[in-house]
Colleague: 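For reference, the structure I am asking about is given below.
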Amino acid sequence: MDKRIYLCLAHMSGNEMKFINEAFDTNWVVPMGPNVNGFEADLEKFVGEGKSVVALASGTAAVHLSLLACGVGPGDEVLVQSFTFCASTHPITYLGATPVFVDSEPETWNMDPVLLEDAIKDRIAKTGKKPKAIMAVYLYGMPGKISEIVKVAAKYEIPLIEDAAEGMGSKCDGRMVGTFGEYGVLSFNGNKIITTSGGGALICPNEDAKRKIMWYATQAREAYPYYQHEAIGYNYRLSNICAGIGRGQMTVIDEHIAHHRRLAKFYKEAFASVDGIQFHDELPGMESNFWLCTVTLDEKLRVKNENLAYAEAITGAVGGAAGVVRAGGSVHTECEPNVNVEAMRINLDKLGIESRPLWKPMHKQPVYKNSPAYVNGVSESLFKVGMCLPSGPMVTDADAQFIVNSIKDNLE
């Protein structure tokens, strides 16, 4: 194989330059302008349900502002899915609040509604007040049991935020995820279903909420002929250039989702006859975008070169867009994938195939060792056996067949 196959690499449609050139021609290169307005209108049409959308610099910024809009502040607690990327949880700490982690149910791998209610009751008993917000996540684009979560949130009158950063275009009972709660988060990072190179958006309940979010996202300036600030604001708006990329991407979003779903079907069928490998599929009534296709490897499954797994400490970034890392200095942590999963990752990497373990549960991250957690063992057990496979629009049919063959060839 003479090329590297990445998990999910951005694919340009060819329409992006039209909008970018218009921005240059009209000198709209700031975080406002026709492309920003047009992109927001495209997003509002796509998500539907009468929602309003604010384009922002990142999905993390959208999480931060959604929490702010729900009144989260110092001393508050926010119930958040443990099985997620840190962008769901870090913004809680930005506001001086405490994340309270809730484990997953085994079918969708997302927040367990029963455990959520147990956590609410216990936090009220222990602190004398309700958590300030609930944040559900759609892991790898997979819809969760959102209807049940909505009922719990409504019962205790706690605002619900949906982190749909990985789930753009996924549906529950025909309705887009990100539209069930008070706010919904989207991400347009370079590895998402669509990209603006970097960027995100916040789905808001109405125009009034949208205007308030836009005010916070543009430094919270008061209406005077000079700069007057009575609240802390942020520089979070998406640029008109990046929004132009987004407008071009919106012309092919349906194609991208169809491609991800077709790859998922291929993987599912290809591994159906392989003992010890299980493809993670959607439930009836749910329609996943399969942002990343995932499989689990039974702990008894033997993989070639298991003796090389965890043989030496990792000192650099693992993955195509892993960013800047700091060498940990040790080979093992207290919670890590099984030896056969790490061996498979290394074997595939040598063949030019990027794969990755599942997200390490937040309640097992050292930075959150003092945060309350309501766990049932689901996310920890899945982290030990799960793998993400290449799923993006740049993955061809031939690539997918090569990936499947390579996995099978590395089984003993």
Side-chain angles (χ1 to χ4, degrees), residues 1 3-16 42 46-48 107-110 138-144 164-178 186-195 246 248-274 277-297 319-321 344 348 351-356 358 386-409:
M1 192 57 109
K3 70 170 184 175
R4 186 159 180 81
I5 306 172
Y6 292 97
L7 279 172
C8 193
L9 197 62
H11 176 265
M12 296 292 103
S13 69
N15 298 320
E16 292 81 6
D42 291 343
F46 183 78
V47 302
E107 293 181 293
T108 74
W109 301 2
N110 291 309
Y138 299 107
L139 198 70
Y140 305 118
M142 187 65 67
E166 300 172 1
M168 186 174 184
S170 296
K171 298 177 181 179
C172 285
D173 298 322
R175 181 174 172 179
M176 292 283 182
V177 300
L186 300 175
S187 173
F188 311 123
N189 196 17
N191 62 357
K192 294 301 189 293
I193 286 290
I194 64 165
T195 186
Q249 289 276 285
M250 287 299 291
T251 66
V252 293
I253 185 171
D254 290 336
E255 295 173 28
H256 284 192
I257 293 172
H259 178 85
H260 282 251
R261 288 185 59 81
R262 184 164 55 83
L263 276 178
K265 183 174 183 292
F266 176 83
Y267 284 136
K268 177 184 176 181
E269 293 175 351
F271 291 121
S273 59
V274 180
I277 296 182
Q278 180 70 44
F279 179 80
H280 181 43
D281 203 5
E282 62 198 4
L283 295 178
M286 297 181 179
E287 187 175 324
S288 176
N289 66 9
F290 288 105
W291 170 60
L292 286 185
C293 296
T294 56
V295 294
T296 56
L297 276 58
M344 182 65 79
L348 294 178
L351 293 169
I353 301 169
E354 183 187 13
S355 62
R356 189 167 64 193
L358 304 183
M387 289 188 71
C388 301
L389 302 180
S391 311
M394 297 296 287
V395 179
T396 66
D397 291 350
D399 292 336
Q401 187 64 65
F402 176 68
I403 292 163
V404 169
N405 292 344
S406 298
I407 291 173
K408 291 179 178 179
D409 289 344

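What you see below is based on every heavy atom in this structure, not just the backbone, and it leaves out hydrogens, waters and symmetry mates.
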Colleague: Test of understanding: with side-chain contact (heavy atoms from CB on, under 4.5 Å), list the residues that count as partners of Met176, not counting sequence neighbours.
Modeller: Phe46, Lys171, Thr179
Colleague: Measure from NZ or CZ of Arg262 to the centre of the six-membered ring of Phe266, then state whether that distance is under 6.0 Å and the direction lies within 45° of the axis.
Modeller: no
Colleague: Identify, with sequence neighbours excluded, every residue that meets ring-ring contact (aromatic ring centres under 6.0 Å, His included) alongside Tyr267.
Modeller: none
Colleague: Does the side chain of Trp109 reach to within under 4.5 Å of the side chain of His280, using non-hydrogen atoms?
Modeller: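 Side chain of Trp109 against side chain of His280, heavy atoms only: contact under 4.5 Å found.
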Colleague: According to side-chain contact (heavy atoms from CB on, under 4.5 Å), who are the partners of Lys265, at least two apart in sequence or on a separate chain?
Modeller: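 By the side-chain contact (heavy atoms from CB on, under 4.5 Å) rule, Lys265 matches Glu269.
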Colleague: Looking at residues at least two apart in the chain, or sitting in another chain, which of them share a ring-ring contact (aromatic ring centres under 6.0 Å, His included) with Phe188?
Modeller: Phe39
Colleague: Drop me the distance from Leu389's CG to Leu348's CG, to the nearest 0.5 angstrom.
Modeller: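 So the CG of Leu389 and the CG of Leu348 are separated by 8.0 Å.
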Colleague: Taking only residues two or more places apart in sequence or in another chain, which ones pass side chain to side chain donor-acceptor pair (under 3.5 Å) with Asp42?
Modeller: none
Colleague: How would you list, by chain and number, every residue that makes a side chain to side chain donor-acceptor pair (under 3.5 Å) with Lys408, sequence neighbours excluded?
Modeller: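 Not a single residue meets the side chain to side chain donor-acceptor pair (under 3.5 Å) criterion with Lys408.
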Colleague: Roughly how far apart are Leu283 CG and Glu107 CD, rounded to 0.5 Å?
Modeller: 5.0 Å
Colleague: Going from CE on Met142 to CD on Glu166, what distance comes out if it is rounded to the nearest 0.5 angstrom?
Modeller: 11.5 Å
Colleague: Excluding sequence neighbours, so at least two apart, what forms ring-ring contact (aromatic ring centres under 6.0 Å, His included) with Phe271?
Modeller: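 Phe271: no ring-ring contact (aromatic ring centres under 6.0 Å, His included) contacts found.
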Colleague: How far apart are the closest heavy atoms of Pro390 and Tyr6, and which atoms are they?
Modeller: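 Answer, listing the atom of Pro390 first, then Tyr6: CB-O, 3.4 Å.
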Colleague: Among all residues two or more places apart in sequence or in another chain, which pass the side chain to side chain donor-acceptor pair (under 3.5 Å) test with Asp409?
Modeller: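 Checked Asp409 against side chain to side chain donor-acceptor pair (under 3.5 Å); zero matches.
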Colleague: Over all heavy atoms of both residues, which pair between Leu7 and Ser355 is shortest? Give the atoms and the distance, please.
Modeller: CD2-CA, 4.1 Å
Colleague: Holding to side-chain contact (heavy atoms from CB on, under 4.5 Å), I want the full list of residues that pass it with Met12, two or more places apart in sequence or in another chain.
Modeller: Ala10, Glu16, Thr195, Ile245, Gln249
Colleague: Calculate, to the nearest 0.5 Å, the distance between atoms CG and OG1 belonging to Asp281 and Thr294 respectively.
Modeller: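 Answer for the CG-OG1 pair, Asp281 versus Thr294, is 9.5 Å.
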Colleague: For Thr108 and Gly144, work out which heavy atoms get closest and say how close.
Modeller: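 Heavy-atom minimum between the residues: OG1-CA, 3.7 Å.
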Colleague: State, to 0.1 Å, how close Val295 and Leu297 come at their nearest heavy-atom pair, and which atoms those are.
Modeller: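 Where Val295 meets Leu297 most closely, the heavy atoms are CG2-CD1, 4.0 Å.
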Colleague: Quick one: salt bridge (Lys or Arg N to Asp or Glu O under 4.0 Å) partners of Glu282, sequence neighbours excluded?
Modeller: Arg261
Colleague: Holding to side-chain contact (heavy atoms from CB on, under 4.5 Å), I want the full list of residues that pass it with Ser391, two or more places apart in sequence or in another chain.
Modeller: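 Here the qualifying residues are His260, Leu292, Cys293.
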Colleague: Identify every side-chain donor-acceptor pair in residues 250-257 under 3.5 Å, counting partners at least two apart or on other chains, and give the distances.
Modeller:
| from | atom 1 | to | atom 2 | distance (Å) |
| --- | --- | --- | --- | --- |
| Thr251 | OG1 | Asn15 | ND2 | 2.7 |
| Thr251 | OG1 | Gly248 | O | 2.5 |
| His256 | ND1 | Ile193 | O | 2.8 |

Colleague: Shortest non-hydrogen contact from Ser170 to Asn289?
Modeller: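 So the two residues come closest at OG-N, 2.8 Å.
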Colleague: Any chance you could measure Ile353, atom CD1, to Ile5, atom CD1, to the nearest 0.5 Å?
Modeller: 5.0 Å
